[in-house]
Chemist: 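Got a structure for you, written out below as structure tokens; questions coming shortly.
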Amino acid sequence: MSLIVVGSIAFDSVETPAGRADDVLGGSATYFAYAASFFGPVRLVGVVGQDFPPSYRQLLEKRNIDMSGLESVPGRTFRWSGVYEADMNTRTTRSVDLNVFADFDPKLPPAFRDSQFVFLANGSPAVQMKVLDQVTRPRLVVADTMNFYIDNAHAELLQLMKRIDGMVLNDEEAYMLTKASGLVDAGRRVLTMGPKFVVLKKGEHGAMLITPTEIVALPAFPTDRVVDPTGAGDSFAGGMMGYLATQPNFDGPTLRRALAYGTVTASFNVEDFSLNRFEEITRADIDARFKQYQAMLAI
Ligand code: AMP
């Protein structure tokens, strides 16, 4: 398989009811890549500043993540800061400092151009499209976006949506993008904007897959240790795409299983700050929890 991701690589400062973490490794591409690496190799495209420590790069390299698409340029790395309310479902962004990410002009290493599975993680739609332009014959292109880009890059986002197969959005973003008043309605409206399927994530309430012919709703895996939900969406997408990249087709049952792997992978990520929990687990832990999840759903 060849799975490529482009997105942010960040220093995050996060405050949750369980504690706080300052300037820890985060970013949409980081979480995605680590989550997907439990399933197979990943190619990462991103940009960092000179303040990005070699130890962070090594942490990802150790995971079979090809970092040859990581550019290091003069300036500061992207920084994001957020605070969660008591129920951890509501997050307020305190600050976004795009820094070197603002002028990111991705250039894929030639060896990345044949990537078959493409995930366009949170980043500007213009950058997401530039990556897509450089991939020769992708089999599956899925994109994420967020309120920041729905507000600030609306026209480009609509252009991007015409060029992708699937989209992952959280419920709030889906409402913002479509002005719908129910989640299924929001999903259907997304389908009229280009994608063939959409996954709507609802935090601790699970995720919903909507295609022209099918609606699948899955609960979140009920972990009792929620420390920091940051990156849950990207980890979900990493588990989902990582699994899909090992599969011969994307039929209904395969997509459903991919959604379940995304759910289970994300449930580990929320159990600690940054990538800390992921660093403690292996693919066997994901598979064991997947079995528990299957048993839980045997209704
Ligand atoms: P999630 O919790 O899955 O929505 O992802 C949170 C991650 O997205 C954090 O690690 C942030 O560094 C990153 N992030 C926050 N704002 C942006 C943005 N405007 N563009 C790209 N990535 C962002």
Side-chain angles (χ1 to χ4, degrees), residues 5-16 21-36 44-49 52 56 60 76-84 88-104 106 119-128 131 142-154 156-157 160 167-174 176 199-204 207 220 226-241 262-263 265-278:
V5 58
V6 61
S8 60
I9 295 154
F11 289 120
D12 287 345
S13 294
V14 187
E15 196 177 323
T16 82
D22 289 305
D23 283 334
V24 292
L25 179 57
S28 56
T30 310
Y31 279 113
F32 177 93
Y34 205 113
L44 184 143
V45 176
V47 66
V48 292
F52 194 73
Y56 280 176
L60 298 170
R76 275 159 66 83
T77 299
F78 175 85
R79 275 173 167 74
W80 174 80
S81 163
V83 57
Y84 289 82
M88 300 244 199
N89 277 324
T90 313
R91 168 169 87 192
T92 308
T93 293
R94 277 187 171 147
S95 62
V96 180
D97 297 313
L98 293 174
N99 299 328
V100 297
F101 198 48
D103 303 314
F104 183 34
F119 187 71
L120 308 169
N122 270 317
S124 92
V127 164
Q128 291 174 312
V131 167
V142 179
D144 191 358
T145 195
M146 65 196 302
N147 42 12
F148 186 80
Y149 301 106
I150 298 172
D151 270 343
N152 299 319
H154 201 78
E156 289 97 328
L157 181 60
L160 170 77
M167 194 159 194
V168 293
L169 290 170
N170 70 31
D171 43 3
E172 193 193 325
E173 294 155 357
M176 233 176 121
V199 179
L200 300 168
K201 299 162 293 165
K202 301 175 289 163
E204 69 167 346
V226 182
V227 172
D228 174 19
T230 307
D234 307 304
S235 304
F236 176 97
M240 179 184 92
M241 289 291 283
T263 299
T265 306
S267 76
F268 282 106
N269 173 61
V270 303
E271 292 176 346
D272 206 341
F273 289 100
S274 187
L275 299 170
N276 298 348
R277 185 67 178 124
F278 274 166

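Counting starts at 1 for both ligands and their atoms, in listed order.
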Chemist: Give the atoms of ligand 1, by number and element, whose distance to some non-hydrogen atom of Gly27 is under 4.0 Å.
Modeler: 9 (C), 10 (O), 12 (O)
Chemist: Would you compute the distance between atom CD1 of Ile9 and atom OH of Tyr56 and round it to the nearest 0.5 angstrom?
Modeler: 13.0 Å
Chemist: Verify, without hydrogens or angle tests, whether Glu271 (side chain) and Arg277 (backbone) share a donor-acceptor contact under 3.5 angstrom.
Modeler: no
Chemist: At what distance, to the nearest 0.5 angstrom, does CG of Asn147 lie from CG of Asn170?
Modeler: 7.5 Å
Chemist: How long is the gap from CG on Asp12 to CZ on Arg79, to the nearest 0.5 Å?
Modeler: 10.0 Å
Chemist: Just let me know how Thr230 lines up against ligand 1, side chain, backbone, both or neither, with a heavy-atom cut-off below 4.0 Å.
Modeler: both
Chemist: Looking at Ser8, which atoms of ligand 1 are within less than 4.0 Å of one of its heavy atoms?
Modeler: 13 (C), 21 (C), 22 (N), 23 (C)
Chemist: Just heavy atoms, cut-off under 4.0 Å: does Ser235 contact ligand 1 by side chain, backbone, both, or neither?
Modeler: neither
Chemist: Against heavy atoms of Asn122, which atoms of ligand 1 measure under 4.0 Å?
Modeler: 21 (C), 22 (N)
Chemist: Counting distance only, does the side-chain N/O of Asn269 pair as donor-acceptor with the main-chain N or O of Ser235 below 3.5 Å?
Modeler: no
Chemist: Any idea which of Val168, Asp234, Thr77, Val270 brings a heavy atom closest to atom 5 (O) of ligand 1?
Modeler: Asp234
Chemist: Is Phe11 near ligand 1, meaning one of its heavy atoms is under 4.0 Å from it?
Modeler: no
Chemist: Answer yes or no: does an N/O atom from Phe101 fall short of 3.5 Å to an N/O atom of ligand 1?
Modeler: no
Chemist: Determine, using heavy atoms of Met146 and all atoms of ligand 1, whether some pair is separated by less than 4.0 Å.
Modeler: yes
Chemist: Less than 4.5 Å apart, any side-chain heavy atom of Thr77 and any of Asn99?
Modeler: no
Chemist: Return the residue, atom name and 0.1 Å-rounded distance of the protein heavy atom closest to atom 11 (C) of ligand 1.
Modeler: Asp12 OD1, 3.5 Å
Chemist: Measuring from atom CZ of Phe11 to atom CG of Leu25, what distance do you get when rounded to the nearest 0.5 angstrom?
Modeler: 7.5 Å
Chemist: To which of Tyr149, Phe148, Trp80, Phe236 does the heavy atom nearest atom 18 (C) of ligand 1 belong?
Modeler: Tyr149
Chemist: Between Gly231 and ligand 1, does any nitrogen or oxygen pair lie at a separation below 3.5 Å?
Modeler: yes
Chemist: If you compare all heavy atoms of Met241 against all heavy atoms of Phe119, which two are closest, and at what distance to 0.1 Å?
Modeler: CG-CD1, 4.0 Å
Chemist: When rounded to the nearest 0.5 angstrom, what is the spacing between OH in Tyr34 and OG in Ser274?
Modeler: 10.0 Å
Chemist: In terms of atom number and element, which parts of ligand 1 are under 4.0 angstrom from non-hydrogen atoms of Gly233?
Modeler: 3 (O)
Chemist: Gly26 heavy atoms, cut-off 4.0 Å: which ligand 1 atoms fall inside?
Modeler: 10 (O)
Chemist: If the contact criterion is a heavy-atom separation under 4.0 Å, does Tyr31 count as touching ligand 1?
Modeler: yes
Chemist: What atoms of ligand 1 come closer than 4.0 angstrom to any heavy atom of Ala10?
Modeler: 12 (O)
Chemist: Please test Thr230 against Tyr31 for side chain to side chain donor-acceptor pair (under 3.5 Å), starting from the C-alpha separation and ending with a verdict.
Modeler: CA-CA 9 Å; Thr230 307; Tyr31 279 113; 5.5 Å; no
Chemist: Closest non-hydrogen protein atom to atom 4 (O) of ligand 1, residue and atom name please, with distance?
Modeler: Arg91 NH2, 3.1 Å
Chemist: Can any side-chain N or O of Ser28 pair as donor or acceptor with the backbone N or O of Asn122 at less than 3.5 Å?
Modeler: yes
